[in-house]
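To start, the structure itself, in structure tokens.
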Protein chains: 4
Amino acid sequence: MSTERRGGRTRSPEAHQAVLTAAAELLEEHGYQTLTIEKIAARSGVAKSTIYRWWRSRPELVMEAYTQTVDRRMPEPDTGSVQSDLAVFVTELYRVVKHPLRVRTLRGLMAEAQLDEDFREPFRAWVNSRRAIVAHLLERGVERGELDPGLDIGHATDLIFGPFWYRLLVEHEPLDPADAAAHVTRLIKGLRRTQGSEVK
Amino acid sequence: MSTERRGGRTRSPEAHQAVLTAAAELLEEHGYQTLTIEKIAARSGVAKSTIYRWWRSRPELVMEAYTQTVDRRMPEPDTGSVQSDLAVFVTELYRVVKHPLRVRTLRGLMAEAQLDEDFREPFRAWVNSRRAIVAHLLERGVERGELDPGLDIGHATDLIFGPFWYRLLVEHEPLDPADAAAHVTRLIKGLRRTQGSEVK
Amino acid sequence: MSTERRGGRTRSPEAHQAVLTAAAELLEEHGYQTLTIEKIAARSGVAKSTIYRWWRSRPELVMEAYTQTVDRRMPEPDTGSVQSDLAVFVTELYRVVKHPLRVRTLRGLMAEAQLDEDFREPFRAWVNSRRAIVAHLLERGVERGELDPGLDIGHATDLIFGPFWYRLLVEHEPLDPADAAAHVTRLIKGLRRTQGSEVK
Amino acid sequence: MSTERRGGRTRSPEAHQAVLTAAAELLEEHGYQTLTIEKIAARSGVAKSTIYRWWRSRPELVMEAYTQTVDRRMPEPDTGSVQSDLAVFVTELYRVVKHPLRVRTLRGLMAEAQLDEDFREPFRAWVNSRRAIVAHLLERGVERGELDPGLDIGHATDLIFGPFWYRLLVEHEPLDPADAAAHVTRLIKGLRRTQGSEVK
DNA sequence: ACATAACCGAGACGGTACGTCAGGTCTTGAC
DNA sequence: GTCAAGACCTGACGTACCGTCTCGGTTATGT
């Protein structure tokens, strides 16, 4: 290996897992804002210094806990049409509201990405990994001729995720999986290939 | 009058303004996350206790500073067509990126709204005051027959603000005022009245 | 007179009394250490500024409340013998312990005299007014030939008040009016064994 | 050992000492009333939180500083007679007035014992440790037949310390080590005129 | 009679220190 | 070399009172 290990105790998987589990539990019980490294250490029985050895900050730890314990992979549907592909995806996306723990976590991570300069990049990478799925669905729609060939994939993807995050963060109106299909329908109308389309 | 004043020294406008100015300066210089009440007190020469007398928390103070000192009123255009009305509005909306101070503040406030339970409602109220402008433009478009009469105004408004906030917060792609018109054009295609439209 | 009064509203006796009463009540209810000018103002309905106009500090206010409302004049007995004069005086002195309010106040005032430079002199004056009574009893005893003509009145007075304050302040042993006569007897007789000594 | 140490950084003796030294210096320079934990922290370079970890309150810290840095052990003389034993002790006791720092500290601690409920007991324990020395001298005097076998040791001890504290706290008359022997003599002999009394 | 001026309540203000909390680092001794 | 334990410095929190200072309004003279 490149990282030469010259003897010594190996990293404890128990400690690693205990930290993630404790973080998930505390998120569940008390939400994100009251989550502290000290409480995670106390709950997990893992020393604070050990936590700092393996994670650079609270949000990075939480993101690992989220992607490992809390979250389910986003679906990558292939139903034959963009519209139904997106309907499946968005329905699943909106379903997060059924799980308060996930909602809290997503909101907390987004908040941290604003406050913690070092976390912006990791968070953006995670966001982009989810954007890539939608972008791929859209590209396939373009190839199939379902969508405008001049489509701005970036903006189109934002039209999926933007309103989702906006409602999640502001809660001015509820986010309902039952609305997902309608939202997609309305969107598609604007993205669809038209006779004289020459957008951008 | 309803607000009965029965004696007592009057609130110092100098102190009030000094606090808001100091907050704006510190935001400009060092960003949101390092902004503390103590620094605002030190910079403004106003006592910490006086600040706590008038503002319940950092974000409420910052929001007042933003709406008073930093921000310009959003435009309420009336050009004759929804599309150009929205184009004007969104262009102005996107122009915020030309002012790093405003970007920082908006991102900070959104973050606080996630972390500070008491701030959610004031923040939501402010967000809704801006949503109302767009909602009004859209309603006028519906009345004029430019837009689908069954339009879900709430979702349509989210299609304006959602992608805006999403890019502002994640910065996965730049927010460019020059793209505003194209974004609006693409959106309108989906919202426009169609012969057999019966969405929702 | 020297203090020329050229018109103007006269001092409100109601406010004056309300302050002293409120101070006494708060002392009774919560003790000395939690007594603040702000609470006295709130309780009495008298403005803080009015209190500061008439009293320089908390202890001076409390001392006035004590000597006016709380305390009884010390007796100045004249029974015919020093021993019984002192016995009467000391019994009354020790009786203060039957009144927790007075105990708290005395202890509080003594504490303030240590911490507040400006209060030392007023406090000392009050202490001396009580010392003068005992000194007078002792001087009469000397004149009558009951006591040593070379008696150091100052030290003798301290032998009366010193142990009293010491027990009041430290509470290492109880202060009991029933012990007063014995203490006086022991003082007068002395500690040394004499032919007919049978103290206690 | 009884005190099990299972890992953990050990308490820093430097920090411990620096706090006590800083407290003593500040007492020396500015007295007790202006002594604050914050100033001790600033002067010593030890964090406020570290100070609060080891001392529950300002007076407990000061008492440790006093007994460690400032004060000298009280003497426990054994000259062969109570009178001279006491004379030695009281002379040393009164000598405290030669050291303003000690006077301030004693007065401050006594004040705190009145204001801080939690400090009363520790303070009383310290007072009692000094009383025990005098009580022992007196008991030896009783055993030797020098003193009245029915002597109330408690009150007799108060006759030593009471006047001392009283003068220290009120300063109505000076406390002079040169007077110590005379005070003891008077105590022992008593106030009553006896055939051969020639006090002072 | 009425102006003057001291009084009074209310309460805002600049301060100081409090005691707490969490962050992130470092040290010790066990494994 | 990693781990649990926990001491350490740092910095900000939000609170409590302090003593001072406007305010607007009241009440006694004294001319």
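Throughout, protein chains are lettered first and strands after them, A, B, ... in sequence-line order, and every chain is numbered starting at 1.
Atom-to-atom distance recorded for A:D116:CG and A:F123:CZ is 12.0 Å, nearest 0.5 angstrom. Interatomic distance, CZ of C:R107 versus CG of D:L115, reported as 9.0 Å (0.5 Å rounding). Here A:T36 contributes atom OG1 and A:K48 contributes atom NZ; the two are 9.0 Å apart, rounded to the nearest 0.5 Å.
At whole-Å resolution of the value, CZ in C:R58 and P in F:dC18 are 7 Å apart. Atom-to-atom, CH2 of B:W54 to C1' of E:dG14 comes out at 15 Å; the value is rounded to the nearest Å. Atom CD1 of B:I40 and atom C1' of F:dG14 are 14 Å apart (whole Å). Atom pair A:I37:CD1 and E:dT25:P shows a separation of 11 Å (rounding to whole Å applied). One interatomic measurement links the two molecules: CD of C:E38 to C1' of F:dT15, which rounds to 12 Å at whole-angstrom precision. Atom CD in D:Q17 sits about 18 Å away from atom C1' in F:dA7, given to the nearest Å. Between the CD atom of C:Q33 and the P atom of F:dC17 there is a distance of 12 Å, rounded to whole Å. Rounded to whole Å, the distance from OH on A:Y52 to C1' on F:dC3 is 17 Å.
Closest contact between the side chain of B:S49 and the listed nucleotides F:dT20, E:dC8, E:dG15 involves E:dG15. Closest to the side chain of B:K48, out of F:dA4, F:dT15, E:dT20, is F:dT15. Nearest to the side-chain atoms of D:S12 among the listed nucleotides F:dC8, F:dA12, F:dG25 stands F:dC8.
Remark: the backbone N or O of B:E60 is not paired with any side-chain donor or acceptor of B:E64 at under 3.5 angstrom.
Look at D:T50 and you'll find a side-chain N or O under 4.0 angstrom from OP1 or OP2 of F:dC9. Between D:R9 and F:dA5 there is no side-chain polar atom (N or O) within less than 4.0 angstrom of OP1 or OP2.
Salt-bridge formation is detected for the pair B:R43/B:E29: a Lys NZ or Arg NE/NH1/NH2 atom is positioned less than 4.0 Å from an Asp or Glu carboxylate oxygen.
Under 3.5 Å, the side chain of C:T10 and the base of E:dA6 form no donor-acceptor pair of N or O atoms.
Each of D:T34 and C:P13 was assigned the nucleotide of DNA chain E with the nearest heavy atom; the assignment lying further toward the 5' end belongs to C:P13. Between C:T36 and D:V46, the residue anchored closer to the 5' end of DNA chain F is D:V46, taking for each the nucleotide with the nearest heavy atom. Both D:I51 and B:S57 lie near DNA chain F, and the one whose nearest nucleotide falls closer to the 5' end is D:I51.
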